[in-house]
Amino acid sequence: MKGKKKRILFIGTLPPPIHGSAVVSQQIKDSKLINDAFDCDWVNLSTSRRMDEIGKTTLAKPFRLLGALCKEFWLLLTHRYDLCYLAITCHGSGFLKDSPFVLLAKLFRKKIVIHQHNKGMANDVDRWPYRWLLPLCYKNAMVILLSWYLYPDIEKVVPKENVVICPNGIRVQEFFDERSDKVDYRSSKVQEKAETNRVPRLLFLSNLIESKGVFVLLDALKILKDKGYSFICDFVGGETKEIDAKRFDEEVQKRGLNEIAIYQGRKYGEEKEQAFEQSDVFVFPTYNETFGLVNLEAMAHRKPIVTTNEGGIPDVVKDGENGLIAEKKDSDSLAQCIRRLLDSQGLRQRMGADGYKKLKEAFTEEKFEANMLQIVNGICASGGGQN
């Protein structure tokens with residue numbers, strides 16, 4: 001007779017908004033593997049219920065936050081949980097908003113694991129009230145990081161023995177005939193294949209945030225244009241307080257990139273997949289990132305990637321293999337990387353194929369869920385996370 005299933009209380013942000021943490025939380029919530037292994041209850045930390053509420057202050061948001069805290073209290077009061085899983089913001093006002101959920105679980109003396117989808121703790125750890133609140137929340141908690149490259153951000157608060165690594169993964173759809181995996185893109189025959197007359201398309205996919213490299217990319221595009229390169233760069237993502245469509249258009253005009261840098265707005269589902277399919281190179285020059293799920297999406301479409309060694313990205317994109325690494329905040333370096341890919345269709349195809357192979361080997365949804373299952377089972381069976 002099989003033993004009784006462990007009971008887990010999951011606390012995290014569910015879409016909307018659509019960002020890394022919310023996407024992964026929804027992935028866990030929908031996982032048949034996780035739901036078959038555990039009895040799961042969920043508390044949604046999101047205070048937005050529609051896309052048009054994101055970034056806006058509404059009367060409903062404080063009540064939703066309070067409602068989520070009351071739901072957690074009631075579930076902890078009425079159920080015996082083997083583990084509390086929390087996907088919280090670890091810095092700034094977001095941490096102040098989420099920390100009561102951790103402290104409440106600690107009050108009930110539950111084992112705790114915190115899944116870290118963001119960074120910035122190192123900037124706050126010596127400031128009031130974070131210098132006492134961060135250690136209080138993270139004391140004895142296990143922490144899931146997406147990469148060991150992210151550990152320096154939390155090392156002042158969390159000992160290494162309390163850290164486990166679980167890279168993100170995505171569902172891989174077959175956008176290509178599987179026989180294309182057998183093509184040798186390094187062969188001279190493919191390298192010398194005649195270029196089509198179609199103008200190459202670059203794709204940037206992220207909300208319009210300066211730290212994602214929007215302006216660095218625009219500067220790089222100007223460099224390439226001035227060198228005589230022909231291309232189109234599509235910018236896909238939501239407007240933000242930092243950069244709205246009007247400001248983006250002003251920056252484009254300032255650099256003389258009209259009809260070259262095109263803002264396409266938000267795209268989801270099939271429209272987003274189509275944007276990847278129509279592109280030749282994916283460009284993501286971020287300088288504030290934890291992992292970069294969008295790079296995995298580009299790999300799923302066999303697109304070569306130009307990005308930076310930021311956060312956990314070095315685990316995903318290897319320079320010269322499935323993409324090229326540019327220096328952060330360096331438009332000349334970025335332009336040079338893009339130029340190499342514009343110059344060679346064979347290189348684009350070879351790197352795209354290598355990226356797809358790497359994705360299938362290490363970053364699928366199935367591998368992520370299996371890793372999560374192993375980690376949660378391990379914490380439940382050990383003394384880790386015990387308060």
Side-chain angles (χ1 to χ4, degrees), residues 19-20 23-24 117-119 145-150 153 167-170 200-221 223-224 229 231-237 243 261 272 275-344 347-363:
H19 52 60
V23 169
V24 173
H117 295 282
N118 46 77
K119 63 178 186 173
L145 290 182
L146 310 180
S147 165
W148 278 118
Y149 287 104
L150 299 168
D153 187 59
N168 287 332
I170 63 168
R201 295 192 84 102
L202 313 177
L203 175 64
F204 169 91
L205 196 152
S206 174
N207 288 333
L208 299 183
I209 301 171
E210 188 170 350
S211 65
K212 301 300 181 183
V214 175
F215 297 145
V216 177
L217 178 52
L218 288 177
D219 288 338
L221 299 181
I223 292 171
L224 291 167
Y229 281 85
F231 58 87
I232 293 172
C233 185
D234 295 303
F235 287 76
V236 175
I243 309 172
K272 184 174 74 169
F276 273 112
E277 284 299 287
Q278 291 175 344
S279 68
D280 298 283
V281 179
F282 181 67
V283 188
F284 189 53
T286 180
Y287 47 93
N288 184 20
E289 200 68 36
T290 51
F291 191 78
L293 274 174
V294 286
N295 285 329
L296 297 186
E297 294 180 273
M299 290 159 68
H301 288 269
R302 288 183 171 87
K303 303 303 174 183
I305 299 166
V306 178
T307 187
T308 58
N309 269 346
E310 169 65 13
I313 290 176
D315 286 338
V316 178
V317 181
K318 302 297 182 182
D319 190 42
E321 294 182 12
N322 59 322
L324 296 171
I325 301 297
E327 296 295 325
K328 285 182 273 192
K329 303 183 183 182
D330 189 331
S331 55
D332 289 311
S333 174
L334 182 62
Q336 186 177 358
C337 291
I338 297 172
R339 180 180 178 179
R340 282 184 61 189
L341 290 168
L342 290 177
D343 283 341
S344 174
L347 183 62
R348 298 198 299 266
Q349 291 174 323
R350 190 263 290 174
M351 287 187 170
D354 284 353
Y356 183 75
K357 181 181 178 182
K358 186 176 181 65
L359 174 73
K360 294 273 281 188
E361 289 173 350
F363 302 111

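Counting from 1, the numbers follow the sequence of the chain as shown. Below, all heavy atoms of this structure are taken into account, side chains as well, without hydrogens, waters or symmetry copies.
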Quiz item: Is any side-chain heavy atom of Tyr149 closer than 4.5 Å to a side-chain heavy atom of Asn309?
Solution: no
Quiz item: Got Asp153 and Thr290 here, is their nearest side-chain heavy-atom distance under 4.5 Å?
Solution: no
Exercise. Any chance you could measure Asn288, atom CG, to Ile209, atom CD1, to the nearest 0.5 Å?
Key: 8.5 Å
Quiz prompt | Validation row: Lys272, Val236 side chains within 4.5 angstrom (heavy atoms) | solution = no
Quiz item: What is the distance from atom CG of Asp234 to atom CG of Leu202, rounded to the nearest 0.5 Å?
Solution: 8.5 Å
Quiz item: Between Glu277 and Lys303, does at least one N-O distance fall below 4.0 Å, as a salt bridge requires?
Solution: no
Quiz item: Between Glu321 and Lys357, is there a salt bridge with N-O shorter than 4.0 Å?
Solution: no
Quiz item: Taking the inter-plane angle between the rings of His301 and Phe276 on a 0 to 90° scale, is it parallel (under 30°), tilted (30 to 60°) or perpendicular (over 60°)?
Solution: parallel
Quiz item: Do you know the tightest heavy-atom contact between Phe235 and Leu218?
Solution: CZ-CD2, 3.7 Å
Quiz item: Heavy-atom count around Lys329 NZ within 6.0 Å, excluding the residue itself: above 12?
Solution: no
Quiz prompt | Side-chain heavy atoms of Leu205 within contact of Phe282, under 4.5 Å | solution = yes
Quiz item: How close do Phe363 and Asp315 get, heavy atom to heavy atom, and via which atoms?
Solution: CZ-O, 3.6 Å
Practice problem: Indicate yes or no for a side-chain donor-acceptor contact from Asn322 to the backbone of Val316 under 3.5 Å, with no hydrogens or angles considered. | Solution: yes
Quiz item: Would a distance-only check, ignoring hydrogens and angles, find a side-chain to backbone donor-acceptor pair under 3.5 Å from Asp280 to Arg201?
Solution: yes
Quiz prompt | Separation between CG of Leu293 and NE2 of His117, rounded to the nearest 0.5 Å | solution = 9.0 Å
Quiz item: Quick one: are Val23 and Ile170 in side-chain contact, heavy atoms under 4.5 Å?
Solution: no
Quiz item: Less than 4.5 Å apart, any side-chain heavy atom of Leu150 and any of Phe291?
Solution: no
Quiz item: About how many Å separate CD of Glu297 and CD1 of Ile305, when rounded to the nearest 0.5 Å?
Solution: 10.5 Å
Quiz item: Between Met351 and Leu341, is any pair of side-chain heavy atoms under 4.5 Å apart?
Solution: yes
Quiz prompt | Side chain proximity check, Lys212 to Phe204, heavy atoms < 4.5 angstrom | solution = yes
Quiz prompt | Minimum heavy-atom distance Leu217-Cys233, with the two atoms named | solution = CD2-SG, 4.0 Å
Quiz item: What closest approach, in Å, do Leu324 and Asp319 show between heavy atoms, and which atom pair accounts for it?
Solution: CA-OD1, 3.2 Å
Self-check item: Salt bridge present between Asp354 and Lys358 (N-O < 4.0 angstrom)
Solution: no
Donor-acceptor pairs under 3.5 Å, side chain of residues 331-338 to any protein atom, not counting sequence neighbours: which ones?
unit_1, atom_1, unit_2, atom_2, d
Ser333, OG, Glu327, N, 2.9

Quiz prompt | Closest approach of Leu342 to Pro200 (non-hydrogen atoms, all atoms of both residues) | solution = CD2-CB, 3.7 Å
Quiz item: Can you check whether Glu289's main-chain N or O pairs, donor with acceptor, with Glu310's side chain at less than 3.5 Å?
Solution: yes
